[in-house]
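Structure record follows, encoded as structure tokens.
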Amino acid sequence: MPQPMTTDLGPGLRELEQCRRSKALVLCASHLDLDLLPRLHDCLRQLGKVERLDVLLQARGGEVNASRRIALLLRKHCDHLGFIVPFHCQSAATLLTLAGDEILAGDLALFSPIDPLLHGGGADGTPSALSCQDIRRFGSLCQDWFGLDQAEAQQQALALLCQSVFPPTLTAFYRSTQEVKAIAKALLTFQLPGADEEARERIVETLMFGYHSHDYALTGEELQALGLNLCRDAEAEALAWQLSVSLQDLVGGGLRQGPEAPWHDALIATNERQLLRTRTDAALLGQWEERGSAHG
């Protein structure tokens with residue numbers, strides 16, 4: 001079994017709330033998914049509608065539609081939504097932060113592009129993933145590396161892609177790319193309600209297509225340069241990092257003792273409740289356990 005939950009996040013969250021003059025919630029997950037919604041909803045209902053809600057977010061990615069639904073749920077329970085990012089906040093998690101009125105990003109905050117991935121398997125059976133950029137830029141590769149003109153490069157690229165990827169799969173991938181773009185633009189209206197459509201479009205285009213790798217590690221300063229509402233707060237960042245260290249020691253498949261051992265893959269916490277999800281390879285759904293947080 002994974003290590004039992006020994007860290008009480010309550011005191012740290014209460015300190016963070018006092019510092020930020022808000023209510024605070026932790027959302028930490030190896031993979032953001034729709035199964036998080038019922039437990040998140042329970043915690044938010046217990047908090048009630050609040051003026052300011054800060055979500056300490058730590059996640060390496062997940063499902064695009066999970067990010068959207070989590071964002072809409074959080075927005076319903078507060079007037080002002082802030083995301084506090086001490087460490088990992090990549091892919092679908094970066095997408096989620098677009099719904100916040102502000103993003104407090106520490107020195108080690110790791111954001112990433114939000115381009116979708118096409119998952120599959122290699123010839124040897126190992127999992128693989130292609131970014132939409134890997135496909136979109138194939139024609140450019142033919143031009144730059146092999147000297148083909150633009151029309152010939154596009155024709156060759158399409159023929160080769162259709163030989164290696166089932167055409168309806170390409171169509172589905174195109175649709176998922178359009179979906180991510182639409183969701184990102186919709187969420188960004190929460191953060192930048194006064195920005196014009198062109199400005200929001202430029203930010204989304206850059207986050208989706210402006211980098212050479214899906215794993216490009218963006219800093220908070222780089223997101224701020226794009227036009228997002230990033231802020232700094234040394235005291236809050238120090239408190240958030242202490243909480244992040246506890247989360248790093250608790251949540252993640254890399255902490256399990258063997259490839260078949262169970263592990264904690266998600267945690268949702270307020271200063272009064274801590275909900276932890278345990279997963280195994282043998283079960284489709286994770287098992288949740290709850291513990292209260294002692295007031296000290």
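The structure presented is a predicted model; accordingly, all values stated were derived computationally and were not measured.
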Taking it one step at a time, do D115 and K181 satisfy salt bridge (Lys or Arg N to Asp or Glu O under 4.0 Å)? CA-CA 9 Å; D115 51 317; K181 184 184 294 188; over 6 Å; no
For D233, is there any backbone N or O sitting under 3.5 Å from a side-chain donor or acceptor partner on E237? yes
Looking at every non-hydrogen atom in both residues, tell me the closest pair between G252 and S30 and how far apart they are. CA-OG, 3.6 Å
Is V85 reachable from F87 through a run of hydrophobic residues whose side-chain heavy atoms are each under 4.5 Å from the next? no
Does the pair F111 and T219 meet the rule for a side-chain contact (heavy atoms from CB on, under 4.5 Å), with working shown? CA-CA 6 Å; F111 302 92; T219 66; over 6 Å; no
Go through L16 and N271 one step at a time and tell me if the side-chain contact (heavy atoms from CB on, under 4.5 Å) criterion holds. CA-CA 10 Å; L16 187 60; N271 67 25; over 6 Å; no
Can you tell me how far the CZ atom of R69 sits from the CG atom of L36, to the nearest 0.5 Å? 13.0 Å
Taking all non-hydrogen atoms of both residues, which atom of L9 and which atom of A269 are closest, and how far apart? CD1-CB, 4.0 Å
With a 4.0 Å cut-off, would you call K23 and E51 a salt bridge? no
Can you tell me how far apart CD1 (I203) and CG (L98) are? Round to the nearest 0.5 Å. 8.5 Å
Is it possible for you to say whether L34 and V55 belong to one hydrophobic cluster, with membership spreading through side-chain heavy-atom contacts below 4.5 Å? yes
Looking only at atom types and distance, does a side-chain atom of R200 sit under 3.5 Å from a main-chain N or O of L192, one as donor and one as acceptor? yes
Which of these passes side-chain contact (heavy atoms from CB on, under 4.5 Å) with W288: L276, I268, T278? I268
Between L53 and S22, is the side-chain contact (heavy atoms from CB on, under 4.5 Å) condition met? List the steps. CA-CA 6 Å; L53 177 66; S22 67; over 6 Å; no
Distance in Å, L223 CG paired with L230 CG, rounded so as to fall on 0.5 Å steps: 5.5 Å
Is any side-chain heavy atom of T270 closer than 4.5 Å to a side-chain heavy atom of V26? no
Value for CZ (R273) from CG (L13), rounded to nearest 0.5 Å, stands at 14.0 Å
Considering only heavy atoms from C-beta outward, does the side chain of P86 approach that of L243 to under 4.5 Å? no
Going by distance alone, is a donor N or O of one side chain under 3.5 Å from an acceptor N or O of the other, for S244 and Q58? yes
For the side-chain contact (heavy atoms from CB on, under 4.5 Å) test, which of I114, L187, I70 pairs with L96? I70
First locate atom CG of L188, then atom CD1 of I183, and finally report the distance between them rounded to the nearest 0.5 Å. 13.5 Å
Would you say L250 ends up clustered with V245 if hydrophobic residues are merged whenever their side chains have heavy atoms under 4.5 Å apart, either directly or through other cluster members? no
Co-membership, hydrophobic cluster, residues L73 and V50, 4.5 Å side-chain: yes
Examine distances only and state if a side-chain atom of Q274 and a backbone atom of D8 form a donor-acceptor pair shorter than 3.5 Å. no
Report the C-alpha distance between L239 and C19 in whole Å, list the side-chain angles of each, state the deciding distance to 0.1 Å, and finish with yes or no for side-chain contact (heavy atoms from CB on, under 4.5 Å). CA-CA 9 Å; L239 294 171; C19 173; 3.9 Å; yes
Residues 76-89 vs side-chain hydrogen bond (donor to acceptor under 3.5 Å, both in side chains), sequence neighbours excluded, gives R60-H88, H88-Q90
Hey, is CD on Q46 packed in by over 12 heavy atoms from elsewhere, all under 6.0 Å? yes
Would you say that M208 contacts V204 through its side chain, given a criterion of any heavy-atom pair below 4.5 Å between the two side chains? yes
Using modelled atom types and a 3.5 Å cut-off, is there a donor and acceptor pairing between side-chain atoms of E179 and backbone atoms of V64? no
Any chance you could measure L226, atom CG, to E205, atom CD, to the nearest 0.5 Å? 12.5 Å
Residue pairs involving residues 90-109 (criterion salt bridge (charged side-chain N to carboxylate O under 4.0 Å, His left out); sequence neighbours excluded): R20-E102, R52-E102, R75-D101, D107-R232
Do L56 and L27 come close enough that some side-chain heavy atom pair is under 4.5 Å? no
Whether S112 side chain and S91 backbone form a donor-acceptor pair below 3.5 Å: yes
Please check this pair: side chain of R68 against backbone of V180, looking for a donor-acceptor N/O pair closer than 3.5 Å. no
Do you know which two heavy atoms are closest between A105 and G220, and how far apart they sit? CB-CA, 4.1 Å
Contact check, side chains of L218 and T94, non-hydrogen atoms, under 4.5 Å: no
Hey, are the side chains of V251 and W263 touching, using non-hydrogen atoms and a 4.5 Å cut-off? no
Answer yes or no: is there a side-chain heavy-atom contact under 4.5 Å between Y216 and E222? yes
Taking the basic N atoms (NZ, or NE/NH1/NH2) and the acidic carboxylate oxygens, is any pair closer than 4.0 Å for E17 and R14? no
Please tell me whether I84 and L247 are part of a single hydrophobic cluster in this structure, the criterion being side-chain heavy atoms less than 4.5 Å apart. yes
Taking side chain as C-beta onward, heavy atoms only, is L25 less than 4.5 Å from D54? no
Excluding sequence neighbours, so at least two apart, what forms ring-ring contact (aromatic ring centres under 6.0 Å, His included) with F190? none
Whether E290 and R39 form a salt bridge (side-chain N of Lys/Arg under 4.0 Å from carboxylate O of Asp/Glu) is what I want to check. no
